[in-house]
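Have a look at the structure below before the remarks.
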Amino acid sequence: MTDSQVAADSAGTEAKIIARNIRRVYWVKRQPNEAATEFEAIKHLDLTVKQGEFLAIVGPSGCGKSTFLDMVAGLAFPSSGEITIDGKLITGPALDRGIVMQGYALFPWRTVRKNVEFGLEIKKVPKKDRKEISQRYIEMVGLTNFEERYPHELSGGMKQRVAIARALAYDPEVLLMDEPFAAVDAQTREVLQEELLRIWEKTKKTIIFVTHGIDEAVFLADRVAVMSAHPGTIKEIVSINLPRPRDGIRSSADFGWVRHKIWELLQNEHFTGGKKPAADQSVAESISSSAAL
Ligand SMILES: Nc1ncnc2c1ncn2[C@@H]1O[C@H](COP(=O)(O)OP(=O)(O)OP(=O)(O)O)[C@@H](O)[C@H]1O
């Protein structure tokens, strides 16, 4: 489905985030004594994310997934083009967008509760309400009785749950997730995926979820945006018309079919950094090894 089709398709559903003709360049030196030259990381990227949608982005390493997410977060800016949220240009980070990254990024000196309350403090929510709200999200991610622990006393999966609770607690409309489950083991990842879906169904947030896992993308998303390699752009958007809830869906024929379709789309994508591919290994091969988990 092309983006214009999506725009038409979304006639009845409000568009939440619209990226128009995004280009992003970095200035890089190829040799220490050379002048910096332009490196085009993203080109002609158009994408519409609908209100309440779960959109996953997959693509070869280095195609610009994190760069794009950073721009939606307002932590980086397009070299040209524009990204709007609710029709307003994104000019910086704001509390309408929560971010969950790989590697948790928790404050090590704060307990679980204090980490979860961080955004509420920024929002100047009164102390009594902060406690009530943080407790609700701590329970939602299954961390009751761990409120007073510090991050170094938690497992990887537990830290990731804290990061999710922290992002949800201040009630952002949009959740931006950059490979949030990459650092946890396969079993914990599946548990976290199921919990994330449960929370999403309850809270109706708009989610953009970057992943290397085709299975993960298909399991979670309403649509999967497949990016092409350098310079990164949206190659195709695949609608995931699988029923919800999706417990047990991984073994179904329909799941296998859509997974294969995305795998094929990625088959010819190589990250070359602008040069000719050195080896004949497609990104689909490297992605599918993690997706097989
Ligand atoms: N600060 C920077 N300076 C120069 N080049 C950068 C910078 N940040 C990213 N890039 C380049 O931009 C391209 C896109 O990077 P990005 O991290 O967005 O890719 P990605 O798709 O998220 O990769 P991965 O899947 O490996 O995390 C890469 O070629 C990267 O080397």
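Note that these values count all heavy atoms, side chains included, but never hydrogens, waters or copies made by symmetry. For ligands, and for the atoms within them, numbers begin at 1 and follow the listed sequence.
- Ligand 1 places these atoms under 4.0 Å from at least one heavy atom of F39: 11 (C), 12 (O), 13 (C), 29 (O).
- Judged by a 6.0 Å distance limit and a 45° cone about the ring axis, R166 is positioned over the six-membered ring of F107.
- Taking any N or O of G64, backbone or side chain, at least one lies under 3.5 Å from an N or O belonging to ligand 1.
- Every atom of ligand 1 with a heavy atom of H212 under 4.0 Å away is listed here by number and element: 25 (O).
- Atom numbering of ligand 1 starts at 1 in the shown order; those under 4.0 Å from a heavy atom of A41 are 12 (O), 13 (C).
- Considering backbone and side-chain N/O atoms, G59 never comes within less than 3.5 Å of an N/O atom of ligand 1.
- Counting only residues at least two apart or on different chains, the salt bridge (Lys or Arg N to Asp or Glu O under 4.0 Å) pairs with a member in residues 199-214 are D171-K205.
- In this structure, I85 CD1 and I90 CD1 are separated by 5.5 Å, a value rounded to the nearest 0.5 Å.
- Each of the following atoms of ligand 1 lies closer than 4.0 Å to a heavy atom of P60: 21 (O).
- For the pairing with R113, the side chain to side chain contact (heavy atoms under 4.5 Å, CB included) check across R130, R149, Q135 returns one residue only, Q135.
- Between the side chains of D70 and T67, no donor-acceptor pair of N or O atoms lies under 3.5 Å.
- For E194, there are no side chain to side chain donor-acceptor pair (under 3.5 Å) partners, not counting sequence neighbours.
- Using a 4.0 Å cut-off to heavy atoms of T67, the atoms of ligand 1 that qualify are 14 (C), 15 (O), 16 (P), 18 (O).
- Ranked by closest heavy atom to atom 11 (C) of ligand 1, the top entry among Y26, W27, F68 is Y26.
- No heavy atom of R24 sits closer than 4.0 Å to any atom of ligand 1.
- Under the 30°/60° scheme for interplanar angles, the aromatic rings of F209 and F54 are found to be tilted.
- Atom numbering of ligand 1 starts at 1 in the shown order; those under 4.0 Å from a heavy atom of K65 are 18 (O), 19 (O), 20 (P), 21 (O), 22 (O), 23 (O), 24 (P), 25 (O).
- In this structure, CZ on F255 lies 8.5 Å from CD1 on I240, to the nearest 0.5 angstrom.
- If you look at H230 next to ligand 1, there are no close heavy atoms at all, none under 4.0 Å.
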